[in-house]
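Below is one structure; the comments refer to it alone.
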Amino acid sequence: MPKEGFVTSITRQSEDFPGWYNDVVLKAELADYSPVRGCMIIRPYGYAIWESMQAELDGHIKRTGHSNVYFPLFVPKSLLEKEAAHVEGFNPQVAWVTHAGGKALDEWLAIRPTSEAIIADSVKDWIQSYRDLPLLMNIWNNVVRWELRTRLFLRTTEFLWQEAHTFHATSEEAEAEVATGLDCYDKVSEEWLAIPVIKGRKTDSEKFPGADFTWCIEAMMRDKKALQAGTSHMLGQNFARAAGIEFLDRDNVRKHPYGTSWGFSTRMVGATIMTHGDDSGLVLPPNVAPVQVVIVPIFRKDEEKAAVAEAIDRFQAVLASTPEGAKVRVKVDWRDDSPGFKYNHWELRGVPFRMEIGPRDVAAGQAMLVKRVDRSKEAVPLEQLAAELPARLRAYQAELFDRARDFRDANTHHVDTYQQLKDGLDGDGGFFLAPWCGGAKCERQVNEETGATIRCIPFDSPAEAGKCVVCGAASERRVLFARAY
RNA sequence: CGGGGCGUGGCGCAGCCUGGUAGCGCACCUGAAUGGGGUUCAGGAGGCCGAGCGUUCGAAUCGCUCCGCCCCGACCA
């Protein structure tokens, strides 16, 4: 329980969710503010979490046939401006380099807000024939978007991400690729981060500037607000046409290839925090937890310390004797602090399991095993624990996912009138599935009057005749309304 | 850009009204005891009081100007 008077005490979620989030990020030492407004410093513990999801996603990207590449940080102004909708969408957020080498530049350089423009220009010479397609690339990089309001991990001026960029001979192939990208995100979110997501399509007003359409995954945070967790865009021929990319197809006709792009960012670290965390701090899914099991030795005298150390060594040796067990990330906390201090320290950092081993446990050949998520405590024989630990971590991972999914489902409601929607948003909040006519005007009205947006048109939303909650016109299916980050 | 608030050791704050050589809690270092839910005690290190100008014998404190940050609004994925 958080106590007052300690530097590491954190705001309660129920009291002030954004305050809780900030406390956790700073006090669990995930990140820090930087001298540059809106930018963040990612500290070792936070970067380790990012690296874990990065490695997992990179595996999915490579298995689906994409190769990692690199393109420059700077985008010449003329290139960024080639695709009309793209410039219009990004211009307000672009940071420009106007001087270099002590002189004003002839042509300004944008610090990439995303790389569609420079990639489209660069690959036009690589694509001559349908045989050069598909071209499947991915970049891990940093981008800069000048934001008015920033939040650590969730929206920072500079952020780290991955952007996949692909080119295809046909529209059908490109559309299948949009699905491939979204599927990678779905898997990483649900299987690695234990964050249940809703897959769907963005409305036209929410789609990527320069895209024909955008697909996304949306997740519910513990304050019941929505967070866009990844987007996959069908770029059609827009960028290819703007950059003059052409290939000669089988039928001997010159055509523009179809493009896609999809991105997943450090925002997902924030999503992980806000999906699982509680009043004691982080609750990390074992897959991403830099430390999966922390061992807290308890002793008074030197003899006791030696006996405890020996028991820990033996436990670790047994654990390391199986391939699965050897991969478990264990940390033994020998620091000269009280056990209680260490419990709080590691709970704040979200370590899934804590093992307490003291003289009484050594005598009984056991350890006290405490689960972070519910603080349940259990005495387990050491040998048995070493054998079971990998399975227990898997079960813990599944438990977090189920818990998050149940929470989301319990806070997702069907509403049929505008009044119900407003009452719901102003009441307990959550996700609201409601009929919508498809009109941008009704969409805007809801946003202006309630602050909620259409998060997506869920793929699993069945065909259902209804009346738009705003204008009453015919609706074919329900869409997802929520207040969002 | 409009409204409100705040800048004092790493963090959180007091001191300012009523000028007089900077203090507290946490964190940090040393030592001893302690150790199963934030452990004590003792000793210690650390501050151009956001910046500049002014008033004054003397400014963290009073005045003016500037800079920065936070919250709300506006804007924005």
Side-chain angles (χ1 to χ4, degrees), chain A residues 1-11 16 18-19 22-23 26-27 29 32-38 88-94 113-114 143-151 153-157 159 161 202-203 205-209 211 214 216-218 225-231 233 263-268 270-271 280-281 294-302 304-305 308 333-348 354-364 366-370 372 375 377 379 447-448 451 453-456 482-485:
Chain A
M1 300 299 278
K3 287 186 186 169
E4 294 183 16
F6 290 93
V7 167
T8 46
S9 71
I10 55 180
T11 308
D16 172 12
N22 250 324
D23 282 350
L26 296 172
K27 289 171 178 171
E29 299 178 334
D32 214 339
Y33 292 108
S34 80
V36 184
R37 181 173 147 63
E88 197 193 325
F90 276 107
N91 229 350
Q93 289 186 279
V94 173
T114 178
V143 292
V144 167
R145 296 180 185 176
W146 218 255
E147 302 282 357
L148 289 175
R149 220 165 150 65
T150 57
R151 309 262 325 261
F153 288 114
L154 299 176
R155 177 178 282 112
T156 46
T157 297
F159 58 91
W161 73 343
K202 284 290 182 192
T203 63
S205 68
E206 297 273 337
K207 73 183 183 188
F208 178 77
T214 290
C216 65
I217 51 175
E218 292 283 328
K225 283 172 74 173
L227 183 76
Q228 177 178 300
T231 47
H233 314 293
F264 178 104
S265 74
T266 36
R267 166 181 274 195
M268 289 309 286
S280 297
V294 64
I295 300 178
V296 178
I298 294 159
F299 54 87
R300 295 162 195 253
K301 294 166 286 202
D302 282 350
E304 288 178 346
K305 182 175 180 179
V308 167
D333 189 351
W334 282 112
R335 290 178 303 171
D336 190 22
D337 288 299
S338 71
F341 178 88
K342 293 174 186 175
Y343 301 165
N344 283 282
H345 177 92
W346 296 108
E347 282 176 5
L348 171 60
R354 173 174 84 234
M355 286 170 60
E356 304 169 13
I357 304 183
R360 295 203 293 271
D361 301 306
V362 173
Q366 64 174 32
M368 295 305 302
L369 185 71
V370 182
R372 170 64 181 84
R375 269 209 187 78
K377 203 163 181 172
N447 181 231
E448 283 167 3
T453 47
I454 296 177
R455 302 315 304 155
C456 68
R483 294 207 174 107
Y485 278 95

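Chain naming here is simple, since letters A, B, ... match the order of the sequence lines and numbering starts at 1 in each. Note that this is a predicted model, so its numbers are computed, not measured.
In terms of the side chain to side chain contact (heavy atoms under 4.5 Å, CB included) criterion, residue partners of A/Asp333 (sequence neighbours excluded) are, by chain and number, A/Val294, A/Arg335, A/Lys342, A/Trp346. By the side chain to side chain donor-acceptor pair (under 3.5 Å) test, A/Thr156 pairs with no residue at all, sequence neighbours left out. Judged as a side chain to side chain donor-acceptor pair (under 3.5 Å), and not counting sequence neighbours, the contacts of A/Glu218 are A/Lys202, A/Arg455. The side chain to side chain contact (heavy atoms under 4.5 Å, CB included) test applied to A/Ser205 returns A/Thr203, A/Glu443, not counting sequence neighbours. When the side chain to side chain contact (heavy atoms under 4.5 Å, CB included) test is applied to A/Lys225, the partners found at least two apart in sequence or on another chain are A/Asp223, A/Arg483, A/Tyr485. Annotation: salt bridge (charged side-chain N to carboxylate O under 4.0 Å, His left out) contacts of A/Glu29 (sequence neighbours excluded): A/Arg43, A/Arg349. For A/Ser265, the side chain to side chain contact (heavy atoms under 4.5 Å, CB included) partners two or more places apart in sequence, or in a different chain, are A/Phe159, A/Trp161, A/Arg267.
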Quick test: give all pairs of protein nitrogen or oxygen and nucleotides 74-77 of chain B nitrogen or oxygen below 3.5 Å, distance rounded to 0.1 Å.
| residue | atom | partner | partner atom | Å |
| --- | --- | --- | --- | --- |
| B/rA77 | N9 | A/Arg155 | NH2 | 3.2 |
| B/rA77 | N7 | A/Arg155 | NH2 | 3.3 |
| B/rA77 | N6 | A/Arg455 | NH1 | 2.9 |
| B/rA77 | N1 | A/Glu206 | OE1 | 3.4 |
| B/rA77 | N1 | A/Arg455 | NH1 | 2.7 |
| B/rA77 | N1 | A/Arg455 | NH2 | 2.8 |

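Going from the C1' atom of B/rA59 to that of B/rU18 covers 15 Å, rounded to whole Å.
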A correct 5'-to-3' footprint of nucleotides 28-35 of chain B, with B, S and - meaning base, sugar-phosphate only and no protein heavy atom under 4.0 Å, is ------BB
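The base-pairing partner of B/rC49, taking Watson-Crick or G-U wobble contacts with both distances under 3.5 Å, does not exist among the strands shown. Pairing partner, B/rC28: B/rG44, with both Watson-Crick or wobble hydrogen-bond distances short of 3.5 Å. Nucleotide B/rA74 has no partner under the Watson-Crick or G-U criteria, as no pair reaches both atom distances under 3.5 Å. Pair assignment for B/rG7: B/rC67, on the basis of Watson-Crick or G-U wobble contacts that are both within less than 3.5 Å. Shown here, B/rA60 forms no base pair; nothing in the strands shown gives a Watson-Crick or G-U wobble contact with both key distances under 3.5 Å.
Summarising the geometry, the separation between CG on A/Asn344 and P on B/rA27 is reported as 13 Å, rounded to the nearest angstrom.
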